[in-house]
Amino acid sequence: MSVPRSEYPRPQFARADWLCLNGEWEFEIDQGDSGLERGLLTRSLAGKITVPFCPESSLSGVQNPDFLNAVWYRRQVDIPAAWNEQRVLLHFQAVDYDTTVWINGTEVGRHRGGFSSFTLDLSGVAAAGETITMVVRARDAALPQARGKQAREFDGHGALYGRTTGIWQTVWIEPVPQVALERPRLTPDVAHSAIHLVQPLKGTPTGMRVRATLKDAQGVVVTVECPADQDFTPQLTLPIPADRRRLWSIDDPYLYDLELQLIALDGSVIDQATSYAGLRSVTIEDKAVKINGKTVFQRLVLDQGFYPDGIMTAPDDAALKHDIELSMAAGFNGARLHQKVFEERFLYYADQMGYLVWGEFGDWGCNMPGDGLDHQKPSASYITEWLEVLERDYSHPAIIGWCPLNETWQTIGDRIVDLDVVTRGMFLATKAMDLSRPVLDTSGYSHRIAEADIYDSHDYTQDPTLFGEHQAGLANDQPFVNAPDSHWERAAGEHAISIPYKGQPYFVSEFGGIWWSPAAKEGEDSWGYGERVKNLEEFYARFEGLFNLLLDDPNMFGYCYTQLTDVWQEQNGVYTFDRSTKFNMERLRAVQQRRAAIEAASEA
């Protein structure tokens, strides 16, 4: 049987030698989370599952949509004999939510966070030529956690969908030497025509050197090296001569190849890996966000990244690229990657295709009041998991901004404290990790960080005239700001509050969501924003009216339309859930290809 999702999962830091562990595993649901006491660690499990698909999905072969408080995985792995004298690293691209891993009965690590990757060093428990037994327990009960759009009720409803439990991205192992390269951090420097490289190392690199070679289509651009043992973390600058300088942009997403080597004192190569980099800048000038010094209006779409058969996991690698192609065919030049951390290979294709993306955490509804919907509770784990995400995705040129939180609801009084602290912690963590991109403190509702680089609102008003009235105040530095209606007010005097607008670049980061579901039958669960349009022509008129108002606003740097595809009952996508066409894409594309006012003003 072929191995599902067998492509290399980490294309921006690639080694030649690795082993994919996707495929059939033993599996058992542990509904009472008593499996450790009942001996699941030491015996065969009752069922089978296809990794990396979650047990709720049809592609997993399990397809159990119930609440799964804990699940167990088990399989044997033959460590290649050729990996002799090397450390074996075990990688999990994503497991939801609280994970414990045992090798031959010995616990080797634990991780909390359903969206971020983690790695375990198997030194001392797994050696070349051995067959090991790997056991994984994933707990996903009602722990305080960030769960994105996963519903706490049995069925999805409105803008909430089914759940994901356990392994939902690739599991793999690789051999590395005792002293080894770790994931590099690549920062483009357009002003000085260079790529700055921070190269972490594992182990003691006495007498060694780090060498980096940047290449383009003509061959070697530059080779730079430095001692590996004179700084805690080696840092190199790779200058790009004027005649080899080529900027990464949406029109020309050029990527330089990068070879990384760790060199011993005798000149032998201890470790090596390949990567790539794009030379591009993101800057702010008044209310414009510029890429490489040019105002680029961000025509973004909200991408939830769900699939009918894989849920949060793409059924195959081609599906990741295809979603970008579908978005671009409709006239969008980028996306908010909404309420989940997308697979690294999605970012790989975004880098290749010049597709702008905002990286986001999955925390929707954090502290949302009313009707028991406080379904995600802020905690320190938000910050630790977000730091892991930032570390993984820092070097992708397609990422042009960060959005740590989404639609947070702070209230006046004692209950404001936890979320305010976490909001500031996530903002500071983002800035500590990355000074090269703008940061939006939270998308929509309670803006709480005065230093945030971007300001925004969510406006699902369906009437273009009223929508225009909402957004007209931006011309006088009084933009539309989300405020709670009576349904969300907890008590008299308590409101979702935002700090005042300070003239930052502004965009409507969620709008539209036009409800059109021609195949929906009477009584079928179908949902969208506002009143459903009656026919296609009404859809096109509403679509064009909303978009024109934003394109014609010289103070608006972009927008984000909800959404790319239908997702189960939420039927307001540009495409259906199975990625079939709902509309005349040329007509939608034509609406968006008009020159935006802020672009025209910058060229005047």
Side-chain angles (χ1 to χ4, degrees), residues 159 287 296-304 326-336 338 356 358 406-407 443-445 454-475 478-483 485 505-518 527-567 570-575 581-600:
K287 292 182 179 177
V296 176
F297 191 82
Q298 296 181 26
R299 298 163 169 84
L300 308 179
V301 69
L302 201 72
D303 188 350
Q304 310 274 12
L326 290 175
S327 176
M328 297 174 80
F332 299 102
N333 61 14
R336 273 183 68 201
H338 192 51
L356 308 177
W358 282 74
N406 177 75
E407 290 192 354
S443 185
Y445 294 87
I454 303 291
Y455 206 94
D456 77 338
S457 69
H458 296 173
D459 189 354
Y460 284 109
T461 303
Q462 296 296 301
D463 176 12
T465 300
L466 182 57
F467 183 73
E469 293 173 2
H470 282 186
Q471 300 302 326
L474 182 58
Q478 294 181 338
F480 178 76
V481 176
N482 294 115
D485 58 31
Y506 178 96
F507 74 137
V508 182
S509 61
E510 288 186 30
F511 79 106
I514 304 174
W515 185 8
W516 174 244
S517 51
W527 182 88
Y529 288 94
E531 183 179 352
R532 182 170 9 193
V533 292
K534 298 177 180 62
N535 52 54
L536 275 174
E537 286 308 315
E538 184 178 339
F539 172 89
Y540 291 127
R542 190 183 297 182
F543 185 92
E544 185 170 3
L546 296 172
F547 276 79
N548 282 347
L549 284 162
L550 301 179
L551 287 162
D552 290 341
D553 190 332
N555 298 298
M556 197 81 64
F557 80 85
Y559 53 61
C560 182
Y561 179 79
T562 302
Q563 59 186 349
L564 181 61
T565 74
D566 296 343
V567 185
E570 186 175 358
Q571 297 177 343
N572 51 22
V574 174
Y575 297 90
T581 301
K582 293 171 70 173
F583 308 106
N584 181 330
M585 287 302 128
E586 286 301 321
R587 195 164 175 177
L588 301 191
R589 183 177 177 83
V591 169
Q592 299 203 67
Q593 293 313 298
R594 294 177 52 253
R595 200 74 174 149
I598 197 168
E599 292 175 313

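- The closest side-chain donor-acceptor pair between Asp459 and Thr461 falls under 3.5 angstrom.
- Ring pair Phe583/Tyr540 is perpendicular by interplanar angle, where above 60° counts as perpendicular and below 30° as parallel.
- Put simply, the side chain of Asn333 never gets that close to the backbone of Gln298: no donor and acceptor are under 3.5 Å apart.
- Asn482 places a side-chain N or O within 3.5 Å of a backbone atom of Tyr445 that can act as its donor or acceptor partner.
- At a threshold of 4.5 Å between non-hydrogen side-chain atoms, the residues Lys582 and Asp566 count as touching.
- In terms of the ring-ring contact (aromatic ring centres under 6.0 Å, His included) criterion, residue partners of Tyr529 (sequence neighbours excluded) are, by chain and number, Tyr460, Trp527.
- Between Glu537 and Lys534 there is no salt bridge, since none of the side-chain N atoms of the basic residue sits less than 4.0 Å from a carboxylate O of the acidic one.
- Within the structure, salt bridge (Lys or Arg N to Asp or Glu O under 4.0 Å) contacts touching residues 542-563 (residues at least two apart or in different chains) are Glu538-Arg542, Asp552-Arg594.
- For an aromatic pair to be called close, the ring centres must be under 6.0 Å apart, and Tyr561 with Phe543 satisfies this.
- His458 pairs by the ring-ring contact (aromatic ring centres under 6.0 Å, His included) definition with nothing, not counting sequence neighbours.
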(request) Test side-chain hydrogen bond (donor to acceptor under 3.5 Å, both in side chains) on Ser443 and Asp456 and set out the steps. (result) CA-CA 6 Å; Ser443 185; Asp456 77 338; 2.9 Å; yes

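- Applying the side-chain contact (heavy atoms from CB on, under 4.5 Å) test between Leu546 and each of Val591, Ile514, Asp463 identifies Ile514 as the sole match.
- Put simply, the side chain of Phe557 does not reach to within 4.5 Å of the side chain of Lys287, judged on heavy atoms.
- The aromatic rings of Phe297 and Tyr559 sit perpendicular to each other, their planes meeting at more than 60°, with 30° as the lower class boundary.
- The minimum heavy-atom distance between Ala330 and Met585, with the atom names listed, is CB-SD, 3.8 Å.
- Geometrically, Arg532 engages Trp515 in a cation-pi contact, judged by NZ or CZ lying under 6.0 Å from the ring centre and within 45° of the ring axis.
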